[in-house]
Colleague: 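One structure, pasted below without further comment.
What you see is a predicted model; the values in this text were computed from it and never measured.
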Amino acid sequence: QVQPVESGGGLVQAGGSLRLSCAASGRTFSSHAMGWFRPAPGKEREFVAAISWSGGRSYYADSVKGRFTISRDNSKNTVYLQMNSLKPEDTAVYYCAAANHRGSWQEGREYDYWGQGTQVTVSS
């Protein structure tokens, strides 16, 4: 079992940067794909980014591609989301999630464990 805990959210001006962290308890962190999601109109949770068990593969939503970077450090049981060139429409609660099976990792239903979320607010 993996329990994600997010941190690093805050208030930033448009064009600025933030780095979110997700520390996950449990001995099996390195066998879980990790993803970041945020709420969106008409959706419970919108896919933002995901990374494979080893970190060798990463995936991004079109809306954040080129601006956000997901990475992980398995020695620290932590996954990161570096967010650059932030826009007001990136304002949301960001959730970290863990998946212990193969898949596209771009749908919320594929994930088994979820954190409580961290608020990101981008002012214009």
Colleague: Mind checking the OG1-CZ spacing from T69 to R19? Nearest 0.5 Å is all I need.
Modeller: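 Nearest 0.5 Å value for the OG1-CZ distance: 11.5 Å.
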
Colleague: Report the distance from atom CD1 of I70 to atom CZ of R57, rounding to the nearest 0.5 Å.
Modeller: 13.0 Å

Colleague: Supply the atom-to-atom distance L86 CG to S123 OG, rounded to the nearest 0.5 angstrom.
Modeller: 10.0 Å

Colleague: Carefully, step by step, assess R38 and Y94 under the rule side chain to side chain donor-acceptor pair (under 3.5 Å).
Modeller: CA-CA 5 Å; R38 64 189 183 189; Y94 283 72; 2.7 Å; yes

Colleague: If I compare all heavy atoms of A98 with all of V2, which pair ends up nearest, and what's the gap?
Modeller: CB-CG1, 4.1 Å

Colleague: Identify the heavy atoms of F29 and A24 that sit nearest to each other, and give their distance.
Modeller: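 That would be CD1-CB, 3.4 Å.
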
Colleague: Are W114 and Y59 joined in one hydrophobic group, where the rule is that I, L, V, M, F, W and Y side chains link up if heavy atoms are under 4.5 Å apart?
Modeller: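 Yes; Y59 is reachable from W114 via cluster members.
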
Colleague: A side-chain contact here means heavy atoms from C-beta on lying under 4.5 Å apart; do C22 and W36 qualify?
Modeller: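 A side-chain contact exists here, since the closest heavy-atom pair is under 4.5 Å.
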
Colleague: With heavy-atom distances below 4.5 Å as the criterion, would you say the side chains of T28 and N100 are in contact?
Modeller: no

Colleague: Say whether N84 and S17, considering side chains only, have a donor N or O and an acceptor N or O under 3.5 Å apart.
Modeller: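 Yes - a donor-acceptor pair under 3.5 Å links their side chains.
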
Colleague: Measure up the Y111 and F37 rings against each other and bin them: parallel (under 30°), tilted (30 to 60°), perpendicular (over 60°).
Modeller: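 Y111 and F37: perpendicular rings.
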
Colleague: State the OG-CE distance between S58 and M34, to the nearest 0.5 angstrom.
Modeller: 14.5 Å

Colleague: Could you check whether any side-chain N or O of T118 sits under 3.5 Å from a backbone N or O of G9, counting only pairs where one atom can act as donor and the other as acceptor?
Modeller: yes

Colleague: Identify the heavy atoms of I51 and V79 that sit nearest to each other, and give their distance.
Modeller: CG2-CG2, 4.0 Å

Colleague: Does K65 come within less than 4.0 Å of D62, counting only side-chain N to carboxylate O?
Modeller: yes

Colleague: Apply side chain to side chain donor-acceptor pair (under 3.5 Å) to Q82 and S71, showing your working.
Modeller: CA-CA 8 Å; Q82 178 67 43; S71 62; over 6 Å; no

Colleague: For the residue pair E6 and S21, establish whether any side-chain heavy-atom pair is separated by less than 4.5 Å.
Modeller: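 No - every pair of side-chain heavy atoms lies 4.5 Å or more apart.
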
Colleague: Does the gap between the ring centers of Y60 and F47 come in under 6.0 Å?
Modeller: no

Colleague: Has Q119 got more than 12 heavy atoms of other residues, nucleotides or ligands less than 6.0 Å from its CD?
Modeller: yes

Colleague: How long is the straight-line distance from OG of S25 back to CD of Q1, given to the nearest 0.5 Å?
Modeller: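 With rounding to 0.5 Å, CD (Q1) is 7.5 Å from OG (S25).
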
Colleague: Knowing that exactly one of D90, T91, L20 qualifies, which makes a side-chain contact (heavy atoms from CB on, under 4.5 Å) with V120?
Modeller: L20

Colleague: Answer yes or no: is there a side-chain heavy-atom contact under 4.5 Å between Y95 and P4?
Modeller: no

Colleague: E46 and A40: which non-hydrogen atoms are nearest, and at how many Å?
Modeller: CB-CB, 3.6 Å

Colleague: How close do R102 and W105 get, counting heavy atoms only, and between which atoms?
Modeller: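 Smallest heavy-atom distance, with atoms named: C-NE1, 3.9 Å.
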
Colleague: Nearest heavy-atom pair of R72 and A33: which atoms, and what distance?
Modeller: NH1-CA, 4.0 Å

Colleague: Which distance, rounded to the nearest 0.5 Å, do you find between the NE2 of H32 and the CG of N74?
Modeller: 11.5 Å

Colleague: Do R67 and M83 pass the side-chain contact (heavy atoms from CB on, under 4.5 Å) test, and can you show the C-alpha distance, the side-chain angles, and the key distance before you say yes or no?
Modeller: CA-CA 6 Å; R67 300 188 298 123; M83 305 186 295; over 6 Å; no

Colleague: Shared ILVMFWY cluster between Y80 and F68, side chains joined below 4.5 angstrom?
Modeller: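 As far as the 4.5 Å side-chain criterion goes, F68 and Y80 are not connected within one cluster.
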
Colleague: Decide whether V48 and V12 are clustered together by the hydrophobic rule: side chain heavy atoms of Ile, Leu, Val, Met, Phe, Trp, Tyr closer than 4.5 Å, transitively.
Modeller: yes

